[in-house]
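Accompanying notes for the structure given below.
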Amino acid sequence: MKQVLVTGAAGRIGRAVLDLLASRGVAATALVLEDPGDLPAERVVVGSAEDVVAVRAAVTDVDAVIHLAARPAPHYDTPVEVFAGNTRATYTVLEEAGEAGVRRAVIASSYGATGLPWSRALIPPAYLPVDEALPAVVEDPYGLSKQADELTAAMMARRHGLTVVAIRYPFVGGVDERLAAHAGSLREDPARGVRDLWSYLDVRDAALAALDALAVDDGAAHVVLVAAPETLVPMPTADLLRRYLPGVELRRPLPGRAVPIDTSAASRLFGFAARHPFEDGFPAGPG
């Protein structure tokens, strides 16, 4: 790769992606709503990922796209704007990339595409560990937008021969930025993490996943889940499930603090493996 477009480049994962590209000597174009002035990118395009003109300018002369621009939760705007804005941005970015001859793209989907995090009442998953085939129970505009984004990716693969990997991210943060606070909250009351299955991913691993997924080049669309291998709660997963999700079908054992999310599809597709576990005060291994 010679040049990668990163949308939402000033965001949490976007900045980590830019840093990783710079460390590997790969040039970056950043698409941002406002230029913060400190992005390690060779080119900064100011504009919305929903705007055809801005995106068309941004995809010029790039080899690949990492699309991260989105409203990141259902409460970040009105329901209509969350759904319509996110889906319009994904359609625009992938369509313009395909028209420009780009053949590899990664988009940020979300564990929220399952519908589990944002349901009005707690809905237990149909089975554990959660995988990409889990029946969705979406009742919020954000989760629905991510489902639509994944369908858009499949259509763009057929339309343009564009390889698109949609990565379903869990809670993402840096150790000093928000992981420590989140871990502390879950330690205090594990019930707060049920909807997310106590999962997380260090932002450095989120960036690595996005960049590694660009190696996939088969003209198809893929949806994969990623997460750190262990939960953010210092107690056995089996105990958490007995207490908070009794009766849910367990399709394979989850020893120690194993996260109840199956990341094997991402491992097979592009070698995903989280390298930055959160270990502040946690036991070093299972148990």
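Counting begins at 1 with the first residue of the sequence.
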Going through the checks in order, is the side-chain hydrogen bond (donor to acceptor under 3.5 Å, both in side chains) test met by Arg195 and Ser119? CA-CA 9 Å; Arg195 293 168 181 266; Ser119 57; 2.9 Å; yes

Could you go through Asp149 and Arg88, starting from their C-alpha distance and side-chain angles, then the distance that decides it, and tell me whether this counts as salt bridge (charged side-chain N to carboxylate O under 4.0 Å, His left out)? CA-CA 9 Å; Asp149 285 352; Arg88 180 183 175 92; over 6 Å; no

CA sep, side-chain torsions, deciding dist, call: Thr29, Gln3, side-chain hydrogen bond (donor to acceptor under 3.5 Å, both in side chains): CA-CA 7 Å; Thr29 291; Gln3 182 91 0; 2.6 Å; yes

Kindly indicate, with the supporting measurements, whether the criterion side chain to side chain contact (heavy atoms under 4.5 Å, CB included) is fulfilled by Leu254 and Leu241. CA-CA 10 Å; Leu254 293 167; Leu241 298 182; 3.9 Å; yes

Does the side chain to side chain contact (heavy atoms under 4.5 Å, CB included) test come out yes or no for Arg12 and Val172, once each step is laid out? CA-CA 8 Å; Arg12 178 176 293 110; Val172 173; 4.3 Å; yes

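Aromatic pair Tyr200/His182: centroids not less than 6.0 angstrom apart.
Taking 4.5 Å as the limit, every side-chain heavy atom of Val4 sits out of range of all side-chain heavy atoms of Val65. Proximity of Val175 to Asp202: side-chain heavy atoms (C-beta onward) are separated by under 4.5 Å at one or more points. With contacts defined as side-chain heavy-atom distances shorter than 4.5 Å, the pair Thr152/Met156 qualifies. Contact check for Val194 versus Leu122: side-chain heavy atoms found under the 4.5 Å cut-off.
In terms of heavy-atom proximity, Pro170 sits nearest to Tyr111 at CA-CB, 4.2 Å. The shortest heavy-atom contact between Ala126 and Pro135 is CB-CD, 4.3 Å. Of all heavy-atom pairs spanning Pro260 and Thr237, the tightest one is CG-CG2, 3.9 Å. Pairing each heavy atom of Leu94 with each of Ala105, the nearest pair is CD2-CB, 3.8 Å. Between Ala274 and Pro229, the shortest heavy-atom distance links the atoms CB-CD, 3.9 Å. Nearest heavy-atom pair, Thr92 versus Ala49, reported as atom, atom and distance to 0.1 Å: CB-O, 3.5 Å.
A donor-acceptor pair under 3.5 Å is absent between the side-chain atoms of Glu50 and the main chain of Ala89, judged by distance alone. With hydrogens and angles ignored, the 3.5 Å screen pairs a side-chain donor or acceptor of Arg192 with a backbone N or O of Ser185.
Grouping Ile, Leu, Val, Met, Phe, Trp and Tyr residues whose side-chain heavy atoms lie under 4.5 Å apart, directly or via other members, leaves Val53 alone, with no other cluster members. The hydrophobic cluster containing Leu144 also includes Phe83, Val138, under a criterion of side-chain heavy atoms closer than 4.5 Å among ILVMFWY residues, counted directly or through chains of members.
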What pairs of donor and acceptor atoms, side-chain ones from residues 210-219 against any protein atom, are under 3.5 angstrom apart with sequence neighbours left out?
{"residue": "Asp218", "atom": "OD1", "partner": "Ala220", "partner atom": "N", "Å": "3.0"}
{"residue": "Asp218", "atom": "OD1", "partner": "His222", "partner atom": "NE2", "Å": "3.2"}
{"residue": "Asp218", "atom": "OD2", "partner": "His222", "partner atom": "NE2", "Å": "2.8"}

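The hydrophobic clustering, which links ILVMFWY residues whose side-chain heavy atoms are closer than 4.5 Å, places Val62 and Val52 apart. Under the 4.5 Å side-chain heavy-atom criterion for grouping Ile, Leu, Val, Met, Phe, Trp and Tyr, Leu151 is not connected to Tyr142 through any hydrophobic cluster. Residues Val32 and Val55 are members of separate hydrophobic clusters, defined by side-chain heavy-atom contacts under 4.5 angstrom among Ile, Leu, Val, Met, Phe, Trp and Tyr. Cluster membership check: Val259 does not share its hydrophobic cluster with Val224, using side-chain heavy-atom separations under 4.5 Å among Ile, Leu, Val, Met, Phe, Trp and Tyr.
Note on residues 157-169: pairs passing salt bridge (charged side-chain N to carboxylate O under 4.0 Å, His left out), not counting sequence neighbours, are Glu95-Arg159, Glu150-Arg168. Each side chain to side chain donor-acceptor pair (under 3.5 Å) pair with one or both residues in residues 61-70, not counting sequence neighbours, appears once here: Thr7-His67, His67-Thr90. Sorted by first and then second residue, the pairs that involve residues 128-143 and meet salt bridge (charged side-chain N to carboxylate O under 4.0 Å, His left out), not counting sequence neighbours, are Arg120-Glu139.
Considering only residues two or more places apart in sequence or on other chains, His160 meets the ring pair (Phe, Tyr, Trp, His ring centres under 6.0 Å) condition with none of them. With sequence neighbours excluded, no residue forms a side chain to side chain contact (heavy atoms under 4.5 Å, CB included) with Ala57. By the side chain to side chain contact (heavy atoms under 4.5 Å, CB included) test, Glu81 pairs with Arg71, Asp77, Thr78, sequence neighbours left out. Contacts of His75 classified as ring pair (Phe, Tyr, Trp, His ring centres under 6.0 Å), with partners at least two apart in sequence or in another chain: Trp118. A search for side chain to side chain contact (heavy atoms under 4.5 Å, CB included) contacts involving Pro190 returns Trp198, Val233, Met235, Leu240, Tyr244, not counting sequence neighbours. For Thr263, the side chain to side chain contact (heavy atoms under 4.5 Å, CB included) partners two or more places apart in sequence, or in a different chain, are Ala227, Ile261, Phe272.
For the residue pair Thr60 and Arg56, no side-chain donor N or O sits within less than 3.5 Å of a side-chain acceptor on the partner.
Rounded to the nearest 0.5 Å, atoms CZ (Arg251) and CG (Asp262) are 10.5 Å apart.
Arg257 has no carboxylate O lying under 4.0 Å from a charged side-chain N of Asp239, or vice versa, which leaves the two without a salt bridge.
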